[in-house]
Amino acid sequence: MTQPQRPNIVLILNDDMGYSDLGCYGGEVQTPHLDRLAAGGLRFSQFYNTARCSPSRASLLTGLHPHQTGIGILTYDSGPEGYAGNLNRQCVTIAEVLKSGGYRTYMSGKWHVSSNLRQPTDSWPMQRGFDAFYGTIIGAGSFYDPNTLTRGNTNVEHEAREPGFFYTDAISDQAARYIREHHAARPDQPLFEYVAYTAPHWPLHAHDEDIAKYRGRFDAGWDQLREERLNRLVAAGVLADHWKLSPRDPSQPPWSEAEHKGWLLRCMEVYAAQIDRMDQGIGRILQALEDTGRLDDTLVIFLADNGACAEDIPEDVTIDELVDKLMIARSHTRSGEPVHFGNDPDRMPGPENTYQSYGTAWANLSNTPFRLYKHWIHEGGIATPLIFHWPRGIQAQGAIRHTPGYLPDIMATLLDVTGIPYPVQYDGRSVLPLEGSSLRPAFDAEVEAERRPPMFWEHEGNAAVRIGRWKLVRKHPGPWELYDLVTDRTELNDLAAAQPDRVREMAAQYEAWAARCGVKPRDQIVALMRSQGVTRAFWEDE
Ligand SMILES: [Ca+2]
């Protein structure tokens with residue numbers, strides 16, 4: 001088969017979703033459009049993100065590690081080198097590279113790799129290779145009235161005042177519109193589109209009709225549902241049957257003893273509805289590709305930016321923190337009602353005047369069968385679904401690949417399939433060498449874990465290195481743990497004490513990587529955040 005050159009590329013990322021929420025990854029959420037992509041393409045079982053919104057986006061967009069791009073943690077301003085909070089000039093984005101190779105480039109959704117939220121800078125999308133941009137510069141905003149809504153370089157928050165506005169729909173519809181307009185104006189030019197949903201990141205906002213679809217679906221509770229998910233994942237061939245379900249998070253009660261069940265169930269129903277709404281929109285994007293005759297020659301990629309999020313939004317969180325300092329929330333709805341912040345079990349989530357999260361126990365379900373969550377480098381923090389769909393380029397239909405990979409591989413893969421070289425220089429400046437490895441060989445067959453270079457991660461002191469079957473991982477400030485992922489993907493049997501030589505050798509490789517990529521000690525970074533007035537960070541693991 002002759003490999004076609006320069007397919008259209010639609011890269012879809014979502015926000016804070018667990019490994020096993022999608023229907024095609026064992027979950028209860030109805031995701032027929034993503035399931036259809038999986039059935040007509042490939043699902044990867046061991047793909048990893050970078051545990052947090054901004055670092056994952058930075059790594060995905062550039063093919064580098066987050067600290068190399070200036071996005072060591074989030075987008076707080078004026079940090080030291082590697083933590084400046086702005087995509088720096090020693091990296092190039094996928095959009096910049098594909099544009100130089102003849103692509104027209106579009107983005108719809110959340111950017112979150114720039115510290116300046118009001119004034120366009122050279123780390124905003126239009127200055128980083130995108131021909132068109134619609135979305136938000138920051139994340140975690142109201143789905144009804146998102147902060148920093150921007151078109152090109154212009155703030156368009158007023159557009160959310162249109163009747164019926166909902167951010168997930170707006171992202172989908174703009175993405176579909178870009179495809180149709182592109183095809184009408186440039187029928188022969190390939191397009192690259194980056195669609196970055198904020199669903200299902202908190203706040204828990206969703207439509208009543210979508211929430212209603214899930215009424216009763218989670219009534220069995222997290223303990224039984226975790227077992228059901230693992231069984232489905234094993235039956236589908238995504239996970240091996242000898243991997244044990246991790247125990248329920250020790251901080252959480254058995255479902256039978258949980259309080260406020262009505263409110264808890266509504267939280268999970270709204271979370272499911274957020275993903276459902278995204279999938280509906282993906283259906284409209286696929287329809288635009290079909291209607292323009294491009295679907296068969298489009299590489300569609302879907303993944304999540306980090307594992308499920310266990311953060312509780314405290315009831316005493318202040319408007320000063322959420323609205324003024326972080327600029328993520330709104331103090332009032334569009335009709336002038338006050339927004340009630342925090343996980344108050346007497347107030348059901350979903351409407352515009354609420355701002356809640358679904359909490360640890362449901363995140364534990366979302367990440368079935370793994371341990372831990374967003375922020376950590378254990379499998380629950382970084383394992384993501386990854387779907388590839390490309391009828392003219394990928395022959396396998398509905399196959400699973402256990403080939404490991406991580407975010408820098410996406411840039412490498414896209415350059416591989418398009419034949420566009422990674423630049424040594426871009427726009428007169430030197431660019432760091434690409435860190436990823438192409439996943440293209442896995443389009444045809446499994447690639448053994450031992451055949452790829454080591455993978456490294458660091459986020460807020462949490463860290464890991466994976467070499468072949470072995471993963472060395474650390475939960476800050478704890479010691480290194482060692483797992484054999486062939487026998488123990490759910491990280492239940494720590495072999496560090498039994499294999500000190502392997503721990504020493506892998507830790508040395510990690511330290512060399514951390515030094516090379518500019519990783520700074522966590523305490524230094526936290527002190528910096530404090531000095532900038534970030535007085536309480538409820539999104540942190542402390
Ligand atoms: Ca995220």
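Nothing here was measured: the structure is a model prediction, and the numbers come from that model. Computation of the quantities below employed the complete heavy-atom set of this structure, encompassing side-chain atoms and omitting hydrogens, waters and symmetry-equivalent molecules. Both counts, for ligands and for their atoms, begin at 1 and track the order of listing.
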N/O/S from Ser56 sitting under 3.0 Å away from the Ca ion (ligand 1): no
Cys309 N/O/S atom closer than 3.0 Å to the Ca ion (ligand 1): no
Intermediate values then yes/no, side-chain contact (heavy atoms from CB on, under 4.5 Å), Ser142 and Arg334: CA-CA 11 Å; Ser142 166; Arg334 291 165 297 174; over 6 Å; no
Whether Asp16 side chain and Trp202 backbone form a donor-acceptor pair below 3.5 Å: no
Lys/Arg N to Asp/Glu carboxylate O, Glu460 vs Arg52, below 4.0 Å: yes
Angle, OD1 of Asp15 through the Ca ion (ligand 1) to OD2 of Asp305 - 10° precision: 80°
Atom nearest to the Ca ion (ligand 1) - Asp16, N, O or S atoms considered: OD1
Centroid-centroid under 6.0 Å between Trp376 and His459 rings: no
